2 protein chains.
Amino acid sequence: MTVIFSKQCEIALQAVLFLSIKKDKIIYKATDISKELKVPKEFVSKMLQKLTYSGIVGSKKGKKGGFYLAKRPSQIKLIDIVKAIDGLEIFNKCVLGFPGCSSEEPCPVHETWGKIREETYEMLSKESLEQLKEKTVSKLLKI
Amino acid sequence: MTVIFSKQCEIALQAVLFLSIKKDKIIYKATDISKELKVPKEFVSKMLQKLTYSGIVGSKKGKKGGFYLAKRPSQIKLIDIVKAIDGLEIFNKCVLGFPGCSSEEPCPVHETWGKIREETYEMLSKESLEQLKEKTVSKLLKI
DNA sequence: TCTTAAAAAGAATTTTTTGTCCTTTAAAGA
DNA sequence: TCTTTAAAGGACAAAAAATTCTTTTTAAGA
């Protein structure tokens with residue numbers, strides 16, 4: 001089981017972080033990214049394709065083709081990737097799964113979860129890839 | 001998609017909350033609980049069976065049989081149900097899915113998520129069903 | 001004791017998610 | 001122009017999760 005994001009979303013986030021620590025618009029092919037992330041090439045490219053529709057990454061076909069960030073790292077937030085892959089549904093649903101959970105008819109942890117949810121949203125939307133860069137490098141240094 | 005718990009875990013949590021607002025050791029059959037929670041009887045009873053192995057609920061077969069809390073509401077925390085159904089894995093895994101994420105080799109949101117994770121754990125372990133009772137009643141009043 | 005009602009157990013099915021493969025399209029460069 | 005390489009896209013396979021069905025066991029009470 002994953003923590004909160006789907007496996008697909010995790011891979012998408014990892015792939016974008018990978019691209020964010022590289023120089024602007026340098027192209028990486030799916031094979032290279034997949035090796036680094038240790039997941040199947042097809043899976044990575046599927047995710048990067050989805051992010052291409054969303055305009056977050058760009059792609060180039062053919063020899064010397066691959067993927068690159070379509071925007072500046074300062075213009076991309078992790079929440080953009082989450083939005084593109086999993087959607088923002090999790091930020092609107094009851095953590096205990098109760099239908100119709102709201103401030104009028106709250107579940108027992110409604111308020112507490114509301115705060116945690118906001119912190120989570122903030123974690124994903126406060127800093128851009130640019131600002132996360134240092135922290136990312138320390139994780140993905142090896143390449 | 002669910003927020004953080006599996007569907008099974010959500011149902012288990014809801015079922016236990018249902019039982020917690022009733023009088024001690026009063027028996028409810030799966031059918032009644034399933035009607036209230038608006039999910040199939042078989043699904044509810046599967047979950048309650050799992051919680052029976054864990055000693056959180058008790059069960060009685062045959063006519064007038066059903067399920068009841070095996071401990072006092074003051075002795076049960078939501079985290080116990082999560083532990084029994086989904087396990088505590090989510091409290092030990094990288095939210096971005098990076099393998100080997102740790103304070104030595106942190107992902108870009110490692111620290112922030114660490115705090116959020118703790119708050120989440122606390123939300124589930126601080127108050128007992130006894131203490132949550134009021135809040136639960138306001139949600140599950142109708143019965 | 002017999003009938004009925006309910007959980008327990010496990011098998012079977014369906015749905016969703018994840019992962020693979022194959023064909024098409026596009027670009028680079030010889 | 002031809003060959004090679006890579007993404008795009010679709011179809012499919014495998015695995016996991018959710019849901020349903022069937023049978024067995026147990027207890028209540030007539």
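Residue numbers begin at 1 in each chain, while the letters A, B, ... track the order of the sequences. Note that the structure is predicted; figures quoted are calculated from it, not measured.
When distances are taken from the side chain of A:P40 to each of C:dA8, C:dA28, C:dG19, the shortest belongs to C:dG19.
Looking at residues two or more places apart in sequence or on another chain, you find a side chain to side chain donor-acceptor pair (under 3.5 Å) between B:Q131 and B:S128. Not a single side chain to side chain donor-acceptor pair (under 3.5 Å) links B:E42 to another residue, sequence neighbours left out. In this view, A:Q8 and A:K50 satisfy the side chain to side chain donor-acceptor pair (under 3.5 Å) rule, not counting sequence neighbours. Every residue two or more places apart in sequence or in another chain that forms a side chain to side chain donor-acceptor pair (under 3.5 Å) with A:S6 is listed here: A:D86. Applying the salt bridge (Lys or Arg N to Asp or Glu O under 4.0 Å) test to B:K93 and every residue at least two apart in sequence or in another chain returns B:E89. With sequence neighbours excluded, no residue satisfies salt bridge (Lys or Arg N to Asp or Glu O under 4.0 Å) with A:K60.
Counting non-hydrogen atoms under 4.0 angstrom, A:G62 reaches a base of the nucleic acid.
For the segment residues 42-59 of chain A, residues with any heavy atom less than 4.0 angstrom from an atom of DNA chain C are, sorted by number, A:E42, A:F43, A:K46.
B:K64 has its NZ atom 12 Å from the C1' atom of C:dA6, to the nearest Å. The distance from atom NZ of A:K41 to atom C1' of C:dG19 is 13 Å, rounded to the nearest whole Å. Rounded to whole Å, atom P of C:dA27 lies 9 Å from atom NZ of A:K60. C:dA28 atom C1' lies 12 Å from atom CD1 of A:I27, rounded to whole Å.
The other residues sharing a hydrophobic cluster with B:I27 are B:Y68, where clustering joins ILVMFWY side chains under 4.5 Å apart.
Of all nucleotides in DNA chain D, those with any atom nearer than 4.0 Å to a heavy atom of chain A start and finish, going 5' to 3', at D:dT4 to D:dA11.
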For nucleotides 14-17 of chain C, print each protein N/O atom paired with a nucleotide N/O atom at under 3.5 Å, atom names and distance only.
none

Using residues 109-120 of chain B as the side-chain source, report each donor-acceptor pair under 3.5 Å to any protein atom, sequence neighbours left out, with the distance given to one decimal.
from	atom 1	to	atom 2	distance (Å)
B:R117	NH1	B:F91	O	2.8
B:T120	OG1	B:I116	O	2.8

Could you go through residues 94-101 of chain B and list every donor-acceptor pair under 3.5 Å that involves a side-chain atom there, pairing it with any protein atom two or more places apart or in another chain?
none

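The shortest non-hydrogen separation linking A:L69 to A:S20 is CD1-CA, 3.8 Å.
At most 12 heavy atoms of other shown residues, nucleotides or ligands fall within 6.0 angstrom of atom NZ in B:K41.
A sub-4.0 Å separation between OP1 or OP2 of C:dA27 and a side-chain N or O of A:K61 is absent.
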